Number of protein chains: 2
Amino acid sequence: MKVEVLTNKEKRDVQQSIIAKLRDLIEYKNLEPGDKLPSERMLSEKFGVSRSNIREAIQKLEFYGILYSKPQSGTFIADIGRVAMSGMMEDILGLEEPDFKALVETRILLELKTVRLAALRRTAADLKTLQSALDAYKKKVLNKEDAVEEDLLFHLAIAKASKNSSMNTFMLIITPEIITNFEKYHVCDSNQSFIGIKEHEDIFQAIKDQDPKRAKEMMKVHFKVLYQYCYHTDN
Amino acid sequence: MKVEVLTNKEKRDVQQSIIAKLRDLIEYKNLEPGDKLPSERMLSEKFGVSRSNIREAIQKLEFYGILYSKPQSGTFIADIGRVAMSGMMEDILGLEEPDFKALVETRILLELKTVRLAALRRTAADLKTLQSALDAYKKKVLNKEDAVEEDLLFHLAIAKASKNSSMNTFMLIITPEIITNFEKYHVCDSNQSFIGIKEHEDIFQAIKDQDPKRAKEMMKVHFKVLYQYCYHTDN
DNA sequence: CAAACCAATCTGGTTAACCAATTTGGCCGA
DNA sequence: TCGGCCAAATTGGTTAACCAGATTGGTTTG
């Protein structure tokens, strides 16, 4: 069989088309939650794509909780209902890559919450982690070195201390993009960093004091620049 | 070679151990951002696991933006800095499955934001989608049928109308879990649904009127029950 | 001496073959 | 006729072989 090498873009298109075909198949065959999908081999033949592609598409839908695979048995439709499944598939197909603005918007939203929760739920161990993350950040800034990573690690430590696994995961997902874009757009000017130390210390102190309100307020101050960047158009 | 079938749990452990080994390798070899990792074959041999496992672990780290693969070339360390990478890997290894409370907490946070953004940014097309989602929900409730799916689809439509791709994605990720847990814990009593119609209509109207403040308020009312479920201990 | 080129090698991606657990359908016995 | 049971077919997962593009190091050529 002729083998072709696909670009990332093309590969994404293939996967999207497989998901669309799966949606149509489920519609056409009137498959309901709990029903078994045709085998991977059959699907790969029917759709004219490789089994790897089928497996990747299934994995993606598994990630979104729409399907689940049982070894040596088959792939099944999750128990979330036909309507929800169909609608979610549509949404997944329509998802676009998040732009920087969306990322910042989401980050601010998440962090204003995680910092409150961290203030409420932080343990002694969390404090220790936060302290060392803060120290690493301060050390870099005082040496006039770039401290974007240490900055973000401090914020990730806050997310971890919030004891909310979803928010922690979401923070982990958006952080690399944020770092990349920060460096690209030079959002963090180096002269800002000295102010950053004070702001980070304030946040840390509020968490230490278990004062959620002040923690959120300090985080808001810390995000002031980002806030403006993100919200100068609307809101 | 002896082939063994692993449970989901064991498979997860294998992947975690591979990630840990990768972290150690990067540490040991002093690999920096942009450097190339050893080839998948070499890693599979060195770690004593199958190439599939290596590939899956790499895909996971690619998802979190820590690595990236170039076809016919190699896998590279993303340009996010050594410190950030090491810290993030640690966090990924420490991630646990989100509990229901965390999910609800996150959902409320996200939705109070998406509904505001939807009110600000919704297009005519969004309104149309929202309207039909609302109609489907109403129809089900009036027929005294279970309407959890239609409920969630309305909320997903709001997320879509918020024009924030990150939040939209995150809503899609947590929605199936929410549905499953709702059904398990019977959070939505059927007698609540009639009130739900009014609440949904209020939210829709606020979005239609482009009144973000009222939209958020109506959503808050709608979440009152959930709110109590989630926050009866703290906050 | 440097730049262009070429072939051997290496790489991630793809395909095909294989494995063992699970279904399944019909057979046997009660 | 019904229920237990076993072998064959089916399945997702795994391994191995293969592909074509990218890399690279040495050679050639201007």
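Quick caveat, the model's predicted, so the values are computed rather than measured. Computed over heavy atoms, backbone and side chain alike; hydrogens, waters and symmetry mates excluded.
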Pick the nucleotide of DNA chain D nearest each of A/L37 and B/S50; which residue has the one closer to the 5' end?
->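 First, find each residue's nearest nucleotide; the 5'-ward one identifies A/L37.
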
Tell me the interatomic distance from [X], atom [atom1], to [N], atom [atom2], rounded to whole angstroms.
X: A/E56; N: C/dT15; atom1: CD; atom2: C1'; result: 13 Å
X: A/I58; N: D/dT11; atom1: CD1; atom2: P; result: 12 Å
X: A/E40; N: C/dT14; atom1: CD; atom2: C1'; result: 15 Å
X: A/N53; N: C/dA16; atom1: CG; atom2: P; result: 13 Å
X: B/F47; N: D/dT14; atom1: CZ; atom2: C1'; result: 19 Å
X: A/I54; N: C/dT14; atom1: CD1; atom2: P; result: 13 Å
X: B/E45; N: C/dC10; atom1: CD; atom2: P; result: 13 Å
X: B/F76; N: C/dT11; atom1: CZ; atom2: C1'; result: 9 Å

Say whether B/N168 and B/S165, considering side chains only, have a donor N or O and an acceptor N or O under 3.5 Å apart.
-> no

Closest listed nucleotide, where the reference is the side chain of B/S39 and the choices are C/dG12, C/dG13, D/dT11 =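 Among C/dG12, C/dG13, D/dT11, the one nearest the side chain of B/S39 is C/dG12.
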
Donor/acceptor link under 3.5 angstrom from B/R41 side chain onto base of C/dG13 = yes

Locate the shortest heavy-atom distance separating A/F76 from A/K70; write the atom from each residue and the value.
-> CE1-CE, 3.8 Å

How are the rings of B/H200 and B/H155 set to each other: parallel, tilted or perpendicular (split at 30° and 60°)?
-> perpendicular

Specify whether B/F63 and A/F63 have parallel, tilted or perpendicular ring planes, treating 30° as the upper limit for parallel and 60° as the lower limit for perpendicular.
->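 Perpendicular.
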
Indicate whether OP1 or OP2 belonging to C/dG12 is found under 4.0 Å from a side-chain N or O atom of B/S69.
-> no

Could you check A/I173, A/I174, A/I179, A/N181 and say which one makes a side-chain contact (heavy atoms from CB on, under 4.5 Å) with A/E177?
-> A/N181

Note: for A/R51 and B/Q59 on DNA chain C, the residue whose nearest nucleotide lies more 5' is B/Q59

N/O donor to acceptor pairs below 3.5 angstrom from side-chain atoms of residues 38-49 of chain A, sequence neighbours left out:
from  : atom 1 : to    : atom 2 : distance (Å)
A/S39 : OG     : A/M42 : N      : 3.3
A/E40 : OE1    : A/R51 : NH1    : 2.6
A/E40 : OE1    : A/R55 : NH1    : 3.2
A/E40 : OE2    : A/R55 : NH1    : 3.2
A/S44 : OG     : A/R41 : O      : 3.0

Please write out the pairs of protein N or O atoms and N or O atoms of nucleotides 22-25 of chain D separated by less than 3.5 Å, giving the distance to one decimal.
from   : atom 1 : to    : atom 2 : distance (Å)
D/dA22 : O4'    : B/Q72 : O      : 3.3

Does A/T123 offer a backbone N or O that forms a donor-acceptor pair with the side chain of A/D126 under 3.5 Å?
-> yes

